[in-house]
Number of protein chains: 2
Amino acid sequence: MAPTRPNRDAHATREALLGAAFDEMYKNGFRAASLDAILRATGVTKGALYYHFGSKQGLGYAVVEERVKPLVRERYLGPFESASDPIEGLKRMGRRMQEELEKTGVLLLGCPVNNLVTEMSGVDEGFRSRLADILDEWRDTISNGLREGIERGLVHPEVDTEAIATFYVAAYQGACGFAKNAHDIAPFVACREGLDDHLQSLTARPVASRSP
Amino acid sequence: MAPTRPNRDAHATREALLGAAFDEMYKNGFRAASLDAILRATGVTKGALYYHFGSKQGLGYAVVEERVKPLVRERYLGPFESASDPIEGLKRMGRRMQEELEKTGVLLLGCPVNNLVTEMSGVDEGFRSRLADILDEWRDTISNGLREGIERGLVHPEVDTEAIATFYVAAYQGACGFAKNAHDIAPFVACREGLDDHLQSLTARPVASRSP
DNA sequence: GACGACATACCAACCAGTATGTATGTTCTC
DNA sequence: GAGAACATACATACTGGTTGGTATGTCGTC
């Protein structure tokens, strides 16, 4: 009940609020997220919250920028980029996502990005643009990786890298949603395997060549 | 302001409430849906609403069962089943979905099923099971169509029909979400074309045969 | 006169937001 | 180096509005 944190560390207060707000928004979405719940979780008072973020919307935007975006970068874009070959990188990305979903509780909550996109991007332009940033970066990272793969002779030169990248991001988002609803990771695994299978058609050595 | 409907047609009252509730839930999600807004839209009073549905949750469940489920059946499952060949049926399903997204306003709102799945299936078992019904039926319809296609020599016999069906449903849901966020149908089209391309690998005449 | 189908009025809980107060830290002045 | 002046970082108490839900009353039909 009594706050154990030092009450005068502005940075720590801000970070604590961001953390609790992320949790609350992840569980309940933004609109159903309760500021009082966030304050209860942190032991911070309303005055401090409004001092740091100005409004609930401001807090939401900050969560997207400072928590969700780095999360995607570190968890998915990093591993993809550090792979030796983009096709291996995409497979690794899928496995990484599966690992995440296998953690207890995560399956029920789904993908934070997908959740916020679904809830907010139709009704709040600030959320939409910030989430679009994340999805665009995700897509561009894959697309650039594939283009580099073409240059290095690892990926078939006729591959439309941007279309494939869009396709992969969308498919994984959808797969998360499906698994979330099923309360079962099996649908995700089925999708991931389908995608991994599909990846073979992107390799430089064409299994079947289309007419030129 | 004054209700123009006849006030004594129970069935009509119920249907009007379901319609307005669907619209409100489609726009704002279930939790942010306001009963007062639904009442305002219909000219019905709170007493009538609670007489017919008992609770907001009851109204929500009824919307899923009596509006969302039939919508999916009529809009997507019907056309798929009436196609001469499951691969053609899947292509038609994708085009049908694209037509829908091209209607003004729909792109911003996204897919009603995906919206509710994302919002509710983690926090309300009643919603989850009802939405799972819809997604399962969707998947099974495609899976059965593919299996029949195998029997009729239209689809490659080694195709894992259920996995492919899951993959397709998930990918389309994800594509909707992506396009919704982008405020642009292009990502959906990219995904749809990727999926149509992928469909060629399911045909009975194998372009490349795997090792037996 | 009984029952189905509402209508009206009201309630407690919760919501985001704000006005105001206060303790702490820094900076400037002499 | 002491003390005033000021800004930072909160804390507390409150507000107006909205929420889902309910208790009770009433009208029309069989």
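Naming: A, B, ... by sequence-line order, numbering from 1 per chain.
Applying the side chain to side chain contact (heavy atoms under 4.5 Å, CB included) rule to F22(A) yields the partners Y26(A), V63(A), R67(A), V68(A), L71(A), P112(A); only residues at least two apart in sequence or on another chain are considered.
Distance from the side chain of T45(A) is smallest to dT12(D) among dG21(D), dT12(D), dA16(C).
Straight-line distance from the CZ atom of R31(A) to the P atom of dG20(D): 12 Å, rounded to whole Å. Rounded to whole Å, the distance from CZ on R14(A) to P on dC10(D) is 12 Å. Distance, L39(A) CG to dC15(C) C1': 12 Å, rounded to whole Å. Taking atom NZ of K46(A) as the reference point, atom C1' of dT22(C) lies 20 Å away to the nearest angstrom. Between the C1' atom of dA5(C) and the CG atom of L17(B) lies a distance of 12 Å, rounded to the nearest Å. Atom CG in L59(A) sits roughly 15 Å away from atom C1' in dC15(C) (whole-Å rounding). The CG atom of L49(B) sits 18 Å away from the P atom of dA9(C) (whole-angstrom rounding). Summarising the geometry, the separation between CZ on F53(A) and P on dT18(C) is reported as 16 Å, rounded to the nearest angstrom.
Interatomic distance, E24(B) CD to R40(B) CZ, rounded to the nearest 0.5 Å: 8.5 Å.
Distances shown here put a side-chain N or O of Y50(A) below 4.0 Å from the OP1 or OP2 atom of dG17(C). Within the structure, a side-chain polar atom (N or O) of T13(B) is placed less than 4.0 Å from OP1 or OP2 of dC6(C). The phosphate of dT19(D) has OP1 or OP2 within less than 4.0 Å of a side-chain N or O from S34(B). The shortest distance between the side-chain N/O atoms of Y51(B) and the OP1/OP2 oxygens of dC6(C) is not below 4.0 Å. Dashed line: the shortest gap from a side-chain N or O of H52(B) to OP1 or OP2 of dC6(C) is under 4.0 Å.
Considering all non-hydrogen atoms of both residues, H183(A) and S121(B) come closest at NE2-O, 3.4 Å.
Of the two residues contacting DNA chain C, namely G54(A) and D36(A), the nearest-nucleotide position lying further toward the 5' end is that of D36(A). If G47(A) and L35(A) are placed on DNA chain C by their nearest nucleotide, the residue sitting closer to the 5' end is L35(A).
Contacts of A33(A) with the nucleic acid, taken as non-hydrogen atoms under 4.0 Å apart, involve only primed sugar atoms and P, OP1 or OP2.
Taken over five-pair windows at either terminus, the axes of the helix from dG1(C)-dC30(D) to dC30(C)-dG1(D) are inclined to one another by 10° (rounded to 10 degrees).
At a threshold of 4.0 Å, the pair K27(A)-D23(A) does not count as salt-bridged, since none of the basic side-chain nitrogens sits closer than that to a carboxylate oxygen. Salt bridge status for K91(B) with E88(B): absent, with no side-chain N to carboxylate O gap under 4.0 Å.
Aromatic ring centroids of F167(B) and H198(B) lie under 6.0 Å apart.
Contact check for D133(B) versus V64(B): no side-chain heavy atoms found under the 4.5 Å cut-off.
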